[in-house]
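Notes for the one structure printed next.
Being a predicted model, the structure only gives us computed values, none of them experimental. Scope of the values below: all heavy atoms of this structure, side chains included, with no hydrogens, waters or symmetry mates.
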Amino acid sequence: MTIANGKNDAPIATRTGGKAKGIVVCWFLGLGSLVSWNSMLTIGDYYYTLFPKYHPSRVLTLVYQPFALGTMAILAYKEAKINTRKRNIAGYILFTASTLMLMVVDLATSGRGGIGPFVGICAVVAAFGVADAHVQGGMVGDMAFMCPEFMQSFFAGLAASGALTSGLRLITKAAFDKSKNGPRKGVMLFLGISTFAEFLCVLLYAYLFPKLPIVKYYRSKAASEGSKTVSADLAAAGIQTPADNQAADVVKSPERLSNKQLLFQNIDYALDLYLIYVLTLSIFPGFLYENTGEHQLRTWYRLVLIAMYNLLDLISRYLPLVPWLKLESRKGLMIAILSRFLLVPAFYFTAKYGDQGWMIFLVSFLGLTNGYLTVCVLTTAPRGYKGPEANALGNLLVLWLLGGIFSGVSLDWLWLIGKKNAF
């Protein structure tokens, strides 16, 4: 099968065939994009036991983000020339290997603390950051020119990774907490399941996703509009692109907007994502682990906070599927996102004067608004662009999202600096 030059007259059945299956696959691919990192966050209580003086939640997050942001900046700049198939598969393989390495480090050190094992874990976390930039930017760029349901499902999968890891962590803690080396056994089982999930994503992306009729249709359409990033995925699906034909010299790629032009046209969407994650990561997870005090739930308290955030983050990412609940106004999105900054004083005074019920409510609201606004922005922004432009815009938006995460993680240290005086 080949792609006609600049034309896409595929039948309706081809354009929509496998859509339901594609939504499910995108959900699993989103799950795999963050299950490794969410595993790190969710076993934070274990690492605080091993490394109580090193602030593991804050330090590991701060190690992760520069590698994610730096790698994403390079990939976004070179986006038009990068083989998306190799990029995404490499990212999922790196996630699989890195999660497995967490188990190896723990086994090699027999679950002991100290600076050596902590540095080893930091190295693994840096690899997570590189993998995240490969996968998240590559997948968002890829789905930006497909149907919005794929984007929504992918980001629901991202949130589901947090909810599932939190639920699994609660189960393993309950099962192993009172046994000998119980916490460590629970963590090893937990990481083993996460490693398997990452490996499953490698198989899904490499062998199933590119062969879905609807995915082949959208990638063929993008290729006819001048996209070079989809060639390898189309070849894996048995489709020959014009660049592969001997007549390639007569095929001229359509003009596309530059990255600079795309950014200027969508600067408000980029700022939206930046501000969403500046706020969220200035509170989650470091503040929740170190600045919320001790309450009746004791060692379960922080796990419950993380679980409630992840659960509401997941639920909220399905709300935009209801048309009258989806916020599409550019001005409305900005107002809603700026209003979230009222949560900063709310968290401060609740941590200082409130009880655990109010804190659980605030954390739930933080997760609810984070997921909802993220999906609203990312499913609205790419509309109306050709395949290559939508791909580039998706990468740029992820770059700003990661920039917001990095800034939020850096600001999170302000809670720690003021902890002695404020709490």
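When all heavy atoms of Ser364 and Met308 are compared, the closest pair comes out as OG-CE, 3.4 Å. When all heavy atoms of Leu158 and Gly30 are compared, the closest pair comes out as CD2-O, 3.2 Å. Taking both residues in full, the closest heavy atoms of Val140 and Gly394 are given as CG1-O, 3.7 Å, listed atom of the first, atom of the second, then distance. The shortest heavy-atom contact between Ser407 and Val278 is CB-CG2, 3.8 Å. Residues Glu389 and Leu262 come closest through the heavy atom pair O-CD1, 3.6 Å. What you find for Pro388 and Ser227 is that their closest heavy atoms are CG-N, 3.4 Å.
Side-chain contact between Val35 and Phe95: absent, with no pair of heavy atoms (C-beta onward) separated by less than 4.5 Å. Looking at heavy atoms from C-beta onward, Tyr205 lies in side-chain contact with Asp233 at the 4.5 angstrom threshold. When side chains are defined from C-beta on, Thr84 does not count as touching Val230, because their heavy atoms never get closer than 4.5 Å. With a 4.5 Å cut-off on side-chain heavy atoms, Pro382 and Phe145 do not count as touching. Contact annotation: the side chain of Ile267 approaches that of Trp400 to within less than 4.5 Å [non-hydrogen atoms, C-beta and beyond]. Here the side chains of Leu401 and Gln136 are in contact, with some heavy-atom distance below 4.5 Å. With contacts defined as side-chain heavy-atom distances shorter than 4.5 Å, the pair Leu314/Asn310 does not qualify.
In this structure a side-chain-to-backbone donor-acceptor pair under 3.5 Å is missing from Arg330 to Tyr269. Listed for the Ser36 side chain is no donor-acceptor partner under 3.5 Å among the backbone atoms of Gly32. In this structure, Asp106 contributes its side chain and Leu102 its backbone to no donor-acceptor pair below 3.5 Å. Under the 3.5 Å distance criterion, the side-chain polar atoms of Arg256 are left unmatched by any main-chain donor or acceptor of Gly387. With hydrogens and angles disregarded, no donor-acceptor distance shorter than 3.5 Å links the side chain of Tyr385 to the backbone of Ala392. In this structure a side-chain-to-backbone donor-acceptor pair under 3.5 Å is missing from Thr99 to Thr195. Listed for the Gln152 side chain is a donor-acceptor partner under 3.5 Å among the backbone atoms of Arg317. Ser153 places a side-chain N or O within 3.5 Å of a backbone atom of Ile23 that can act as its donor or acceptor partner. With Thr380 contributing its side chain and Val377 its backbone, the two residues share no donor-acceptor pair below 3.5 Å. Put simply, the side chain of Tyr309 never gets that close to the backbone of Gly162: no donor and acceptor are under 3.5 Å apart.
By the side chain to side chain donor-acceptor pair (under 3.5 Å) test, Tyr47 pairs with no residue at all, sequence neighbours left out. Every side chain to side chain contact (heavy atoms under 4.5 Å, CB included) that Ala346 has, sequence neighbours left out, goes to Leu362.
A parallel orientation is assigned to the rings of Trp37 and Tyr64, their planes being inclined by less than 30° (bins at 30° and 60°).
Annotation: Lys21, atom NZ; neighbour count of heavy atoms from other residues, nucleotides and ligands within 6.0 Å does not exceed 12. In the displayed structure, Tyr318 atom OH is contacted under 6.0 Å by more than 12 heavy atoms of other residues, nucleotides or ligands. At most 12 heavy atoms of other shown residues, nucleotides or ligands fall within 6.0 angstrom of atom CZ in Phe365. Other residues, nucleotides and ligands contribute only 12 or fewer heavy atoms inside 6.0 Å of the CZ atom of Phe28. Atom CZ of Phe341 has more than 12 neighbouring heavy atoms from other residues, nucleotides or ligands inside a 6.0 Å radius.
A salt bridge links Arg219 with Asp142; the closest basic N to acidic carboxylate O contact falls under 4.0 Å.
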